[in-house]
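One structure below.
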Amino acid sequence: MYIAMNRFKVQQGSEQAFEDVWKGRDSTLGEMKGFREFHLLRGPVNETEGYTLFASHTVWASQDDFIAWTKSENFRAAHRNAGQNKPLYIGHPQFEGFSVVEGA
């Protein structure tokens, strides 16, 4: 199992707009070999730096399945307009990938 996460520092006041972008997207993840599940997670608010932390979280059967997704036309289509949403967050999303060591 492989877990892929992107962390976003969403500008305070832009949380609902950020969530709406994700809720309104036309996702084709379910069509991809090895895709298991997706979650958009809302984390803590950082008052000092003016953002709310969010993470997109996908679970894949294997790292190879995830890499295949990143090289697919489905991936390119899903990220085609991502630049339009940059005003909603601070900096670039931070990617983190994890291979499961233990657990179901």
Side-chain angles (χ1 to χ4, degrees):
M1 184 183 328
Y2 185 75
I3 298 171
M5 299 179 72
N6 277 299
R7 294 191 304 153
F8 302 86
K9 293 179 178 179
V10 175
Q11 302 259 11
Q12 277 187 301
S14 296
E15 294 89 350
Q16 190 60 54
F18 182 80
E19 289 179 20
D20 290 345
V21 166
W22 285 88
K23 291 175 184 175
R25 75 194 193 296
D26 185 18
S27 177
T28 59
L29 282 171
E31 299 172 8
M32 299 303 300
K33 177 184 174 287
F35 172 74
R36 297 293 182 253
E37 60 187 81
F38 168 84
H39 300 279
L40 181 63
L41 309 171
R42 182 191 274 232
V45 174
N46 184 318
E47 295 283 347
T48 305
E49 296 184 31
Y51 69 84
T52 300
L53 186 63
F54 280 82
S56 63
H57 175 272
T58 53
V59 179
W60 299 85
S62 69
Q63 185 174 7
D64 288 341
D65 289 332
F66 171 73
I67 291 170
W69 151 247
T70 66
K71 295 179 179 181
S72 72
E73 179 55 38
N74 290 27
F75 178 87
R76 284 186 289 283
H79 294 85
R80 192 163 283 132
N81 298 318
Q84 296 176 0
N85 300 312
K86 285 188 179 184
L88 299 177
Y89 46 88
I90 300 168
H92 297 286
Q94 181 180 355
F95 174 78
E96 298 173 321
F98 300 89
S99 297
V100 174
V101 176
E102 182 179 356

- Message: The criterion is salt bridge (charged side-chain N to carboxylate O under 4.0 Å, His left out); which residues satisfy it with Glu15, sequence neighbours excluded?
- Response: none
- Message: Nearest 0.5 Å, please: how far is CD in Glu96 from CG in Asn6?
- Response: 8.5 Å
- Query: For Ile67 and Thr70, which heavy atoms make the closest approach, and how far apart are they?
  - Reply: O-OG1, 2.7 Å
- Measure across Leu29 and Arg25 and return the closest heavy-atom pair with its distance rounded to 0.1 Å. CD1-NH2, 4.5 Å
- Item | Test side chain to side chain contact (heavy atoms under 4.5 Å, CB included) applied to Ser99 - qualifying residues, sequence neighbours left out | Tyr2, Gln63
- Not counting sequence neighbours, list each pair that qualifies as a salt bridge (charged side-chain N to carboxylate O under 4.0 Å, His left out) and has a residue in residues 45-62. none
- Can you measure from OG1 (Thr52) to NZ (Lys9) and round to the nearest 0.5 angstrom? 12.0 Å
- Using the test salt bridge (charged side-chain N to carboxylate O under 4.0 Å, His left out), find all partners of Glu73 that sit at least two apart in sequence or belong to another chain. Arg76, Arg80
- Message: Nearest 0.5 angstrom please: Trp69 CH2 to Glu31 CD, how far?
- Response: 9.5 Å
- Remaining members of hydrophobic cluster (4.5 Å side-chain criterion), Ile90: Tyr51, Leu53
- Message: As an exercise, state the distance from CD of Gln11 to OH of Tyr89, rounded to the nearest 0.5 Å.
- Response: 11.5 Å
- What pairs with Ser14 under side-chain hydrogen bond (donor to acceptor under 3.5 Å, both in side chains), at least two apart in sequence or on another chain? none
- Mind checking whether Leu88 and Phe8 have side chains closer than 4.5 Å, heavy atoms only? no
Which donor-acceptor pairs under 3.5 Å do side chains of residues 32-41 form with protein atoms, sequence neighbours excluded?
| residue | atom | partner | partner atom | Å |
| --- | --- | --- | --- | --- |
| Lys33 | NZ | Asp65 | OD1 | 2.9 |
| Glu37 | OE2 | His39 | NE2 | 2.7 |

Name every donor-acceptor pair, under 3.5 Å, that has one atom in a side chain of residues 17-24 and the other anywhere in the protein, sequence neighbours excluded.
| residue | atom | partner | partner atom | Å |
| --- | --- | --- | --- | --- |
| Glu19 | OE2 | Arg42 | NE | 2.9 |
| Glu19 | OE2 | Arg42 | NH2 | 2.5 |
| Asp20 | OD1 | Gln16 | NE2 | 2.9 |

- With sequence neighbours left out, what residues match Ser27 under side-chain hydrogen bond (donor to acceptor under 3.5 Å, both in side chains)? none
- Item | Interatomic spacing from OG in Ser62 to CE in Met1 - rounded to 0.5 Å | 11.5 Å
